[in-house]
Q: 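Pasting a structure below so you can have a look.
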Amino acid sequence: MSESRTTGESRTTSESRTTSEYGRRQPPVLLLDKVVKEYDGDPPLRILHDIDLTVARGELVAVVGPSGSGKSTLLSLIGTLDRPTSGRIQLEGHDLTALSDRQIAALRARSIGFVFQQFFLLPGLTTLENVATGLLYTGETVGRRHERAVRALREVGLAHRLGHRPDQLSGGEKQRVAIARALVGRPGLLLADEPTGALDTASGRGVVELLLQLNAQGTTVVVITHDRDLAASFPRRIGLQDGRVEFDTGNETPAPEPEPVSGPGPGHSAWRRPAQEGTA
Amino acid sequence: MTGHLPRPARLRPADLLRIGLIGPRTRRLRSALSALGIALGIAAVVAITGISASSQAHLLDRLDRLGSNLITVSPGEGYDGTKVPLPREAVTMLGNIAPVEQVSATADTGANIYRTDLVPSNQTNSLRVLSARLDLLRTLRGQLAAGRWLDRGTERLPVVVLGAAAADRLGVTRPGTKVWLAGEDLPGAWYGVIGVLEPNELVPEIDDSVLVGTPQAVRALDGARTPSTVYLRTHPERVREVQEVAAATANPAQSSTVAVSRPSDLLKARTETNTALTGLVLSLAGVALLVGGVGIANTMVVGVMERRGEVGLRRALGARRGQITLQFLIEAVLLGLFGGLAGAAMGVVVVYGYAAVQDWPAAVPLAWVVAGPAVAVLVGTAAGLYPALRAARMSPTGALRSA
Ligand SMILES: Nc1ncnc2c1ncn2[C@@H]1O[C@H](COP(=O)(O)OP(=O)(O)O)[C@@H](O)[C@H]1O
Ligand SMILES: [Mg+2]
């Protein structure tokens, strides 16, 4: 544990230097620096203790740990749904503490995709509308939202379910719709909180394969799971215990430029590429 | 690239409408019930004001048909408080005023009317038996509901024509029925009903009367030789003029004891806005809107609690607090609007239905039909504000966790 923390810290310092000097070339997608999360109480309830973490572009990370260890809390902080009590989080090179709620919401709309255990599909909407909702807060027109939603649904293999309502879908299909909704905006970072938790083994495997596939296309993926078997198939695993990083297998292979398709130029990161592909 | 922050985006009006409709669309029954309060309130207001306006329109319509150029001259009270009868020649004198185009009169008799000879003599139904000149019907522009009016032959026979209310109270609907006329100093006798009049709003006293020909009244019913009421039709533009000289013309010696009136003035006063009704309607509307607003607020609070997960999800998708507020606020406004529109429509249907049944012209209160939904929107806004702010205040993580 102490070893991984040391590597984490050394990476952090080197990264912050990198960010300031060559930041435009290769910033980490995510950087946590001594992040603490407490909930009000007397004494305050400390859920996360001094978390340091760096995730490079294109990584595939599993966060494991027992129930109550703070995995979801960590994911909320990374996903900008909540702010840390202290410490610094940098997303895409933006220091979140320096951003207003309004700016953070815009960043969240564009740069982060969420997948939850409970799917959170809106019951009154069709599959297509549910997926298109993933773009609602980005300012795109409804026509464009639907167009991209169709494409996203095709990617998750649900092109034949556009008009179905959530209650007409199986659990696995629901989660694939939710994944389509998360990826429809081509976020650089996909966060999944126990995405297979409500699914049987077979559908769960399908969902995991989908996430792996997305990662292979360049999306940085962070998945929470308490299923260690599932986590074992991930290149990097971070173990949480009582709000501390218990182990971090590290990104020994620090994800070299995932640019299978020729990028639009050195100034552009892989992060943006799929979206621009859509506009071109 | 990293230096670039995405620009915060606004929701388009069409998108706001779309997401505002999600709640009502997925919870139809509940939404309909919550809008029902406002709908009923506005329906009641539109219906009541519309029915009242239709009734006024009907009266004005009738007034148009009955003419506003009718003047009545009748005995007033003297200095000692007793009635001073009009002179016998009053009818002729009044008829000689230049702008008077028609004149007619009724006179008292000593008789009362009974359904049969078995009815005790003190049960008079407060109906008056009057003698009528043959030109009375034409002067009043009266209409017969059934039967015939008096003529040269029947004015000398024991026959009667009943006013509308008199026929009603006696239970007589068709000519041919026999009624019993008797008085204190008169032997009773059977009279045949030959006609029934339509109601006449200008001269309600005729509605309550039983009319007998003058010769028959004088001969058999102790008919007075002085008129009880003289009816004048004047040139339409010279009514005031005639009104001014009528008293002195009818009784030059005691003009102050003569009562002159223009019945259309009374009728017009009845058509003027009834402030008591307006107050009632407004307080009714207030209560209904309050109840309706509470209904919407209640539905919204429950809906927001049930939809915590949706709120959390939308925040995760990049919705700002303000956009969450707006979504639920619009939902409440739409509920109010639906309620208001449905209520206005129901009210209009009621007005048309009621007017059709009464055979009145339907007068739809346009101001209320427009104001109703507008006010409903305000009520919806007020009702939705608290639930909407509550939804926006939820922390995204809390909302996602508890859903
Ligand atoms: N709003 C809150 N107030 C107080 N405690 C909380 C709150 N949210 C989460 N916790 C606590 O934080 C701890 C970590 O929760 P969580 O991150 O959900 O764990 P995990 O996802 O690993 O199961 C738990 O003990 C939980 O009870
Ligand atoms: Mg959890």
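In what follows, chains are A, B, ... by sequence order, proteins preceding strands, each numbered from 1. A quick note: this is a predicted structure, and the numbers were derived from the prediction, not measured.
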Q: Count the heavy atoms of every other residue, nucleotide or ligand shown that sit under 6.0 Å from CG of A:D40, and state whether that count exceeds 12.
A: no
Q: A:L122 versus B:E310: any side-chain heavy-atom pair under 4.5 Å?
A: yes
Q: To check you understand the geometry: which heavy-atom pair defines the closest contact between B:P6 and A:A106, and what is its length?
A: O-CB, 3.6 Å
Q: What's the shortest heavy-atom distance between B:P396 and A:L81, and which atoms?
A: CG-O, 3.6 Å
Q: Given heavy-atom pairs under 4.5 angstrom as the criterion, report whether the side chain, backbone, both or neither of A:E140 touches chain B.
A: backbone
Q: For A:L125, run the side chain to side chain contact (heavy atoms under 4.5 Å, CB included) check against B:I19, B:I22, B:T26 and tell me which one passes.
A: B:I22
Q: Consider only side-chain N and O atoms of B:R314 and A:Y137, and report whether a donor and an acceptor are under 3.5 Å apart.
A: yes
Q: Do you know which of B:R10, B:R12, B:Q323, B:R25 has the most heavy-atom pairs with chain A at a distance under 4.5 angstrom?
A: B:R12
Q: With a cut-off of 6.0 Å (strictly less than), are more than 12 heavy atoms of other residues, nucleotides or ligands near CZ of B:R28?
A: no
Q: Where is the tightest heavy-atom contact between A:Q103 and B:L5, given as atom of each residue plus distance?
A: NE2-CD1, 3.7 Å
Q: Please flag which part of A:T141 lies under 4.5 Å from any non-hydrogen atom of chain B: side chain, backbone, both or neither.
A: both
Q: Are B:L313 and A:Q118 side-chain neighbours, meaning at least one heavy-atom pair lies under 4.5 Å?
A: no
Q: Of the non-hydrogen atoms in A:H94 and B:H4, which two are nearest, and what is the gap between them?
A: NE2-O, 3.3 Å
Q: Using a strict threshold of under 4.0 Å (side-chain N to carboxylate O), is an ion pair present between A:D193 and B:R401?
A: no
Q: Begin with the C-alpha distance, continue with both residues' side-chain angles, and end with the deciding distance and a verdict on side-chain contact (heavy atoms from CB on, under 4.5 Å) for B:D15 and A:R145.
A: CA-CA 11 Å; B:D15 288 331; A:R145 295 200 301 264; 2.6 Å; yes
Q: What part of A:R165 lies closer than 4.5 angstrom to a heavy atom of chain B: side chain, backbone, both or neither?
A: side chain
Q: If I take atom CG from residue B:L400 and atom OG from residue A:S72, how far apart are they, to the nearest 0.5 angstrom?
A: 10.0 Å
Q: Would you please test A:L136 and B:L11 for side-chain contact (heavy atoms from CB on, under 4.5 Å) and show each step?
A: CA-CA 8 Å; A:L136 182 62; B:L11 288 173; 3.8 Å; yes
Q: Return yes if some donor-acceptor pair links the side-chain N/O of A:R110 with the main-chain N/O of B:P8 below 3.5 Å, else return no.
A: no
Q: Is a side-chain N or O of A:R108 found less than 3.5 angstrom from the main chain of B:R315, in a donor-acceptor match?
A: yes
